[in-house]
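Comments concern the structure below.
Counting starts at 1 for both ligands and their atoms, following the listed order. Computed from a predicted structure; not experimentally measured. Values below: every heavy atom of this structure, side chains too, minus hydrogens, waters and symmetry copies.
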Amino acid sequence: PNLSMFKMEIKADLLLLNGIVMTVDREFNVVEAVAVKYGKIIATGTTSEIEGLKGKETEVIDLEGRPVLPGLIDSHLHVVGTGLLLSQINCRTPPMASISDICAAVKEEADKAEPGDWILGRGWDQVKLSDHRNPTRWDLDKVSPENPVWLTRTCGHIGVCNSLALEIGGVSKDTPQPVGGNIEKDEGGEPTGLLEEGPAMILVRRHIPPTSFEDTVKAIKLASKAFSEAGLTGVVDAGIDSTTMRAYQRAADEGGLSVRVNMMLHGKIGDETPDESVNRINDFPITTGYGNDLLRFLGLKLLIDGGIGGRTALLREPYEDQEDNRGILVMPVEDLQRRVDAGNLAGMNIGIHCAGGGAMDVVLNAFEQTNKKRPVKGRRYSIIHAYQPTEENFETCRRLGIVVASQPSFLYYLGDSYHENVGDERSKWLKPHRAWIDNGIKVAAGTDSPVTPYLPFPSLWASIARKTEVLGTQMGTEQRVTREEAIRMYTIKGAYYTFEEGTKGSIEPGKLADMIVIDRDILTCKEDEIKDTVVLRTILGGKTVYEA
Ligand SMILES: [Zn+2]
């Protein structure tokens with residue numbers, strides 16, 4: 001290595017020796033060893049070269065041939081939701097195989113709770129349940145008559161509640177359908193308990209006691225610990241309010257933040273009117289780039305449609321077997337534009353949840369419009385999820401420098417429901433990472449946890465394999481990315497997304513010493529084994545924050 005810039009008496013704080021260190025630098029060089037000082041990488045090279053930086057106080061880790069990667073970055077998830085989930089009923093499959101399994105878990109909680117306490121859970125996917133249908137209020141009433149129940153579907157865009165919760169929310173046969181949402185009703189017009197999209201879900205959800213500040217801090221710490229164990233050293237928390245930002249600061253001050261966080265302010269909180277949102281954005285005291293290496297403000301997050309799994313993503317054509325259903329636009333186009341313009345003029349980076357192609361067209365048009373008010377190029381605006389790009393979308397993204405925040409994990413965990421909802425042909429083009437990259441557009445990876453588990457390796461693998469979890473269906477083999485590309489999407493591209501490619505995302509001198517030691521060489525192991533990679537050690541700024 002080039003050590004000439006360091007006087008030779010400089011000794012490292014930490015050495016990693018005898019490993020397979022994937023630097024993820026421009027050439028994807030693999031070296032044996034790394035030296036760290038003051039939380040930063042000072043040199044990489046062969047073991048014998050790096051050993052020369054060993055002093056009396058230097059901590060030395062012998063990797064014994066194990067691979068090292070830059071710390072992984074999840075470019076789109078929800079930290080508090082993830083932390084709270086760790087303390088709510090986990091309705092995912094596995095462990096839940098059927099609605100009766102979910103009901104049994106609800107009963108167990110209800111038996112422990114005081115009457116009136118809310119029972120909360122998250123993560124069901126009807127496609128994976130043996131019943132092959134959504135739970136209803138009648139299922140839940142049997143096990144929790146005296147406690148309101150609210151369960152959120154895996155996508156986060158659909159909820160189901162029991163009759164008591166419906167009553168508390170004032171939802172009945174006569175409740176009109178809210179704009180941008182749907183109260184599912186049976187043939188007799190009775191609500192089934194299923195509420196689709198924010199405007200419908202809010203009717204019940206607003207009665208759930210808000211998470212206290214202390215509980216928010218706790219959830220952040222819980223999630224942070226889980227992220228370190230999973231090998232994440234950076235995350236983008238998309239769509240939070242200023243109180244949550246303060247909770248982050250508390251968690252960090254108390255030493256409870258072991259992952260670097262980029263925070264995105266929510267562009268619409270609760271049932272805020274456009275005026276209220278615009279005022280809040282205008283009054284927000286900080287803008288993109290403010291903060292430090294641990295906790296930074298990235299920008300504004302907006303959301304305009306749902307997900308394909310729940311048939312609420314806004315498509316360009318109808319869903320399978322439902323000629324009149326193209327999905328839901330949750331915010332009128334004019335209102336979206338007002339919020340986008342406010343964020344733009346406040347100097348903010350903006351990322352917008354747009355899953356279906358119809359929603360992508362709306363969002364990219366909003367970026368085009370706001371670009372006339374203040375240029376967007378170079379400000380790394382993003383489209384989040386972005387399943388169905390067209391050639392025209394590629395052109396717009398290239399021209400405006402739009403980044404894609406994609407979640408390969410969706411193909412694995414949610415892919416079976418995609419197949420059912422948009423059919424075989426359209427499934428092949430969902431999240432076409434190959435095409436994005438070949439069109440010169442930067443793609444950062446993630447999981448949208450708690451929508452899918454925050455574990456990075458199943459998601460990283462899914463961008464390569466594109467296989468669904470239950471049936472193992474391959475979703476468009478021509479859209480596979482290479483292993484190197486998959487790793488870049490989880491490291492340097494994530495750093496790029498948050499303007500931090502100069503300090504994060506690769507193992508190069510001068511960068512923060514964020515690294516993970518893993519149990520297998522994911523460049524050479526069998527493809528399907530990438531998914532089960534185990535993290536042995538997570539190092540953040542030169543300090544071990546997790547060790548298996
Ligand atoms: Zn999200």
Name the residue from Ile384, Thr498, Leu77 that meets the side-chain contact (heavy atoms from CB on, under 4.5 Å) definition with Val236. Thr498

Quick one: side-chain contact (heavy atoms from CB on, under 4.5 Å) partners of Asp424, sequence neighbours excluded? His419, Lys428

How about Tyr413 and Asp125: does a side-chain donor come under 3.5 Å of a side-chain acceptor? no

Would you verify whether the NZ or CZ of Lys531 falls within 45 degrees of the ring axis of Phe457 while also being under 6.0 Å from that six-membered ring's centre? no

All side-chain hydrogen bond (donor to acceptor under 3.5 Å, both in side chains) counterparts of Thr211, not counting sequence neighbours: none

Result block: side-chain N/O donor-acceptor pairs under 3.5 angstrom for residues 325-334, not counting sequence neighbours:
unit_1: Asn325; atom_1: OD1; unit_2: Gly327; atom_2: N; d: 2.8
unit_1: Asn325; atom_1: ND2; unit_2: Gln322; atom_2: OE1; d: 3.0
unit_1: Arg326; atom_1: NH1; unit_2: Leu315; atom_2: O; d: 2.6

Report the protein N/O/S neighbours of the Zn ion (ligand 1) that fall below 2.8 Å; do not count waters. His76 NE2, His78 NE2, Asp448 OD1

